[in-house]
Colleague: 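I'd like to ask some things about the structure below.
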Amino acid sequence: MARPPKPILSRRGIAEEALRLVEEEGIEHLTTRKLAKRLGVEGPSLYNHIANRDDLLDEMHGIVDETVDPSALDHEDWRVGLVEFARSYRRAFSVRPELVAIIASRPVRHTVALRAYDDMFARFARFGWEPRYAATVMAAIDYLVLGSAIETFKGGFDRPAADYEDDFPHLAAALHATEGGDIDDLGFELGLQALIAKVEADTTSG
């Protein structure tokens, strides 16, 4: 009887399965043994393609970065372009908060991620922004997007608003006021509009 074909592995295929594992079970379950089992191979087979956990995380970062659409920055109005780019950036990362917390604490190494930053700074240069100011704007976008992906206001309170009324009445009132709405989206948009207004003021006065 013919032996069953061995699964064909690749860096990308391994990283894509790792992303699915994280989304389904959480980052704490991302182990070589569990990933290999999902891929139908033995653990050592992975190391023919992925050097170690850091290498795997870099590859996962690159795949997530591919889902960010930088083309919005080509809009003739940089304000519109920056808003749409930031929203695309947030959509890509907000579905993976556990992974984002790790990515945000590590150096940017993957070629896809490095190229993404290079392309963004090329576009910022076309806006007439000096490198230092462009880096400042990009840092602010990173803080806003990654911060909102890692920690949400809504997720910070795990009890019904009524449970806080006796000891924390003002907090309870705020939580009641956000029921049925998406306070996280509203908070992100407020921060984004404040950023656009500041950049507009800076570039106009400069």
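One-based numbering along the sequence shown.
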Colleague: Grouping I, L, V, M, F, W and Y whenever their side-chain heavy atoms are under 4.5 Å apart, do L192 and F127 come out in a common cluster?
Modeller: yes
Colleague: Strictly distance-based, threshold 3.5 Å: is any side-chain N or O of R106 a donor or acceptor partner for the main-chain N or O of D54?
Modeller: yes
Colleague: Quick one: does any side-chain atom of R96 pair with a main-chain N or O of L19 as donor and acceptor, under 3.5 Å?
Modeller: no
Colleague: I need the minimum non-hydrogen distance between L21 and H29, along with the two atoms involved.
Modeller: CD2-O, 3.4 Å
Colleague: Answer yes when R11 and D55 have at least one side-chain N-carboxylate O distance shorter than 4.0 Å, and no when they do not.
Modeller: yes
Colleague: What do you reckon, is CD of E200 surrounded by more than 12 foreign heavy atoms closer than 6.0 Å?
Modeller: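 Buried by this count: over 12 neighbours within 6.0 Å.
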Colleague: Using a 4.5 Å cut-off on heavy atoms from C-beta on, say whether the side chain of D65 contacts that of H110.
Modeller: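 H110 vs D65: side chains apart.
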Colleague: Got a sec: does the CD of E25 have more than 12 other heavy atoms crowding it under 6.0 Å?
Modeller: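 Yes - once you tally the heavy atoms of other residues, nucleotides and ligands closer than 6.0 Å, there are more than 12.
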Colleague: Are the side chains of R38 and E24 in contact, using a 4.5 Å heavy-atom criterion?
Modeller: yes
Colleague: With the side chain counted from C-beta on, respond yes when R123 and F85 share a heavy-atom pair under 4.5 Å apart, and no when they do not.
Modeller: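 Of all side-chain heavy-atom pairs linking F85 with R123, none is under 4.5 Å.
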Colleague: Taking the side chain as every heavy atom from C-beta outward, state whether E98 and E28 have any pair of such atoms under 4.5 Å apart.
Modeller: yes
Colleague: Is it the case that one hydrophobic cluster holds both L114 and I141, taking links as side-chain heavy atoms less than 4.5 Å apart, direct or via other members?
Modeller: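 Both belong to a single hydrophobic cluster.
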Colleague: Side chains of V137 and D202, heavy atoms from C-beta outward: is any pair under 4.5 Å?
Modeller: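 A side-chain contact is absent here, since even the closest heavy-atom pair is not under 4.5 Å.
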Colleague: Verify the distance criterion only: is there a donor paired with an acceptor across the side chains of Y133 and T203 at less than 3.5 Å?
Modeller: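 Absent: no donor and acceptor within the cut-off.
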Colleague: What are the two closest heavy atoms between A18 and L35, and how far apart are they?
Modeller: N-CD1, 3.6 Å
Colleague: CZ of R132: more than 12 outside heavy atoms within 6.0 angstrom?
Modeller: no
Colleague: Would you kindly confirm whether I63 and V100 end up in one hydrophobic cluster when ILVMFWY residues are joined by side chain heavy atoms under 4.5 Å apart?
Modeller: yes
Colleague: Looking at every non-hydrogen atom in both residues, tell me the closest pair between S148 and V145 and how far apart they are.
Modeller: OG-O, 2.9 Å
Colleague: Quick check: closest heavy atoms across L99 and V64, and the distance to 0.1 Å?
Modeller: CD2-CG2, 4.3 Å
Colleague: Which of parallel (below 30°), tilted (30 to 60°) and perpendicular (above 60°) describes W129 and W78?
Modeller: perpendicular
Colleague: Answer with yes or no whether the hydrophobic clustering places L195 together with I150; edges join I, L, V, M, F, W, Y residues whose side-chain heavy atoms lie under 4.5 Å apart.
Modeller: yes
Colleague: Closer than 4.0 angstrom, basic N to acidic O: yes or no for D69 and R91?
Modeller: no
Colleague: Looking at D184 and R90, is there a salt bridge between them, counting it only when a charged N and a carboxylate O are closer than 4.0 Å?
Modeller: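 The answer is no: the pair does not qualify as a salt bridge.
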Colleague: Return the minimal non-hydrogen interatomic distance between S94 and A149, and the atom names on each side.
Modeller: CA-CB, 3.8 Å
Colleague: Is the backbone N or O of L175 less than 3.5 Å from a side-chain atom of T178, with the two atoms forming a donor-acceptor pair by type?
Modeller: yes
Colleague: Ignoring hydrogens, what is the shortest heavy-atom contact between F188 and A86? Give both atom names and the distance.
Modeller: CZ-O, 3.8 Å
Colleague: Tell me whether E16 is salt-bridged to R12, with the criterion being a basic N under 4.0 Å from an acidic carboxylate O.
Modeller: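 A salt bridge links E16 with R12.
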Colleague: Assess whether a salt bridge exists between R20 and E23, defined as any Lys/Arg side-chain N lying under 4.0 Å from an Asp/Glu carboxylate O.
Modeller: no
Colleague: Going only through I, L, V, M, F, W and Y residues with side-chain contacts under 4.5 Å, is there a path from Y117 to M60?
Modeller: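 Shared cluster, yes.
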Colleague: Do the side chains of L9 and N48 get nearer than 4.5 Å, heavy atoms only?
Modeller: no
Colleague: Between Y89 and F93, what is the ring plane arrangement, given parallel below 30°, perpendicular above 60°, and tilted in between?
Modeller: perpendicular
Colleague: Could you walk me through whether H176 and E165 satisfy the side-chain hydrogen bond (donor to acceptor under 3.5 Å, both in side chains) test, starting with their C-alpha distance in whole Å, then the side-chain angles of each, then the deciding distance to 0.1 Å, before giving a yes or no?
Modeller: CA-CA 10 Å; H176 276 303; E165 288 178 351; 2.7 Å; yes
Colleague: Salt-bridged, D119 to R115, with N to O below 4.0 Å?
Modeller: no
